[in-house]
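What follows is one structure encoded as structure tokens, with my remarks underneath.
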Amino acid sequence: MHTEIYLDANATSPVLPAALEAALAAMADCFGNPSSSHAAGLRARALREEVRACARRVVGAPEGRVMFNSGATEGIQTAVLSALCAVRAARGSGQATGDLLLFGATEHKAVPESLAHWNRLLDTRLELRVLPVDADGRHRLDVLRELAPRAAFVCTMAANNETGVVSDLDAIAAVLRECASPALWMVDCVQALGKLPLALSASRIDYAPFSGHKLYAPKGIGMLYVREGSPFTPLMCGGGQEQGQRSGTENMAGIAALGAVLRALEEGGTFRTHDALLACRARLVAALQAAFPAIVFNAPLEYALPTTLNFSVPGLSSADVLDVFDAAGMRVSAGSACSASRAAPSYVLDAMGVPAWRSASAVRMSFGPLMIDAAIDLACERIAACARALALPLLAPSTVAGESVGLVQLEHEEGDGWLLFDAASRECIAIDPPPALAERTVAMLRAGGYRLLAALATGTGGAANPAGASLCAYAAQGIAGWPDGGFEAQLEDGRRLPAVALGSDTLVRDGDDYLFGRLDNGVLGKVRFAFAGGQSPIAGTIQCDAPETELDAAALASWLAAHPDALVVDVRCAREFSVGALDLHGRAALNVPLARLTEHASHWLGTDARPLLFVCRSGARSARAARTLRGLGHQRAWSLAGGFALAE
Ligand code: PLP
């Protein structure tokens, strides 16, 4: 396994060793409740106040409130609640207030979601309005100028988590001032701490939330700055901690850890300088450009934090890049870590007007100010290796002994399709190709130099079909239906049916179905695959529900010892495997990508009934492989639960 290179610092960071030590010390020696009046409590209180004083110096807030909380999401709630309560109270007393809740189009979702939530709960009936950004990801000041007089509350982030684009806060403040805007102003400073200079009390900013875990403190600790005199309503009431501003016994371990980070920032010497970080980024940029000459960076580097890169590579989805980078031990993310679906376009890039393909395939690479040159050296090497892996043909020749034709499953929720291809003749036949995957399917064919002979659909008796037509149109070749130039093959039952050759094998049309195998003196004896739509193509099997067959990572070593003949099968794609081949307790794995499982399964079900242990990164793909094999009747198929992410 590779040593990990963590390049997802905008999602979260590891904990600074000094912060870990401080947290441990707070739990071991300074465990008192800061609200207690005895000596243990007094020591905890002193620690908390030391950290607060340091925080004030670091964020430039000698005045105003600085309170500890659980993180930025809580800070944002508190700011939104405070602002909306103030607007509601002002309206109630007949004062004019703005009617807009204006938020930057690229804000973290915590902002618009909180605005909508509290606007609804408090029945403030303000209008949520997006403040657009320009192509560089910076706020449209012309629009702000127009809307600022009507704004009750303005929310703009200091730096964006997906692109690293730094907002022009001085210009925003100038517009608010020029327009004599009545608006309260929140600036989400999460990505700014430790990376940009902050002088909060000297600014017009009313609210500034922070999260410790974005800068080497643990998760669950954050802070909120509120300007002197700005409206404030506590989000949490109870024991009156934090001078009644945020009730609940303090997270003293978190506060102590955050304190260690803040002290490191204040004293200098721990974190890399801005220039050093720029140099790190420049080296990553050069390595990426050398590896992927067509790469496009999605935000101008001159406006971005020195620690964030966001890019897209034509022809590669974010999942392609993420999976291979992860296999090479490099942790990066697709757009925002919070977006559940990897293929979903990024709303941040969409707001910048970035073309759809770039928005949907964006990759974010971010590092923290502790980054060391040796890790950058290694990352640059691995980027080159990943590019080589990503150039590998997806239609690699079959590795099943004696077979020249490979079978790829084109998985889609509306029904799977299949690609039968012969690596020697570079010919291919598609069966039930999902129209939604036409572009990707054609990319696979083109990358391997394959010629599409025909795109068939089961259930049509070989007639032309819309799914096949869409693939053929995309490929600008092939016939959507049974191809010309076939011959007749005989089945064992004596029937003579239309047939076409693929490599040294033959595809036979039997009514609505297609049978594939090798002719022996013109007779199709053993059918290798039978395509009948919706069923497994492995001839002679009936799919049934299979029990869960998960093997716990803790039991792995003893399971392997008890099954010396077991075959470990890594079902990740060949590209991932090529940069991160697996060795589980000394047992090398065979790579059979999940999409090629059927090709190999017929072999395992027939001649080779050894126990099978499927593995992958998270356990998701391997669980499907094991279920499929069990469902087809292979009783000795297991999956490593949690994947080797947990077994490492
Ligand atoms: N704001 C920004 C810019 C962020 O990047 C994040 C986290 O990704 C948040 C707010 C929310 O922070 P947390 O999840 O720590 O509450």
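Whatever order the structure lists ligands and atoms in, that order sets their numbers, starting from 1. Numbers here are sequence positions counted from 1.
By the 4.0 Å N-to-carboxylate-O rule, Asp377 lies close enough to Arg283 to be salt-bridged with it. Checked for salt-bridge contact, Glu242 and Arg52 meet the test: a charged N lies under 4.0 Å from a carboxylate O. The existence of a salt bridge linking Asp134 and Arg140 is excluded, since no basic side-chain nitrogen approaches an acidic carboxylate oxygen closer than 4.0 Å. Asp323 and Arg617 are joined by a salt bridge, as a carboxylate oxygen and a charged side-chain nitrogen come within less than 4.0 angstrom of each other.
The distance criterion of under 3.5 Å between nitrogen or oxygen atoms is met by Ser211 with respect to ligand 1. Looking at Glu74 next to ligand 1, no N or O pair under 3.5 Å apart turns up.
For ligand 1 and Asn161, the ligand atoms under 4.0 Å from any heavy atom of the residue are 3 (C), 5 (O). Listed by atom number, the atoms of ligand 1 under 4.0 Å from Thr73 heavy atoms are 11 (C), 12 (O), 13 (P), 14 (O), 16 (O). Per-residue contacts place His108 under 4.0 angstrom from the following atoms of ligand 1 (heavy atoms of the residue considered): 1 (N), 2 (C), 4 (C), 5 (O), 6 (C), 7 (C), 8 (O), 9 (C), 10 (C), 11 (C). For ligand 1, the atoms sitting less than 4.0 Å from at least one non-hydrogen atom of Met157 are 3 (C), numbered in the order shown with element in parentheses.
At least one heavy atom of Lys214 sits closer than 4.0 Å to an atom of ligand 1.
The closest donor-acceptor contact from the side chain of Glu107 to the backbone of Met157 lies under 3.5 Å.
At a heavy-atom distance under 4.0 Å, only side-chain atoms of Asp188, from C-beta outward, approach ligand 1. The residue Lys219 has no part lying near ligand 1, judged by heavy-atom distances below 4.0 Å.
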Apply side-chain contact (heavy atoms from CB on, under 4.5 Å) to residues Leu224 and Gln245 and explain how you reach the verdict.
CA-CA 10 Å; Leu224 174 68; Gln245 299 170 133; over 6 Å; no
Evaluate Tyr216 against Phe271 for ring-ring contact (aromatic ring centres under 6.0 Å, His included), listing each step before the verdict.
CA-CA 11 Å; Tyr216 305 110; Phe271 298 117; 5.6 Å; yes
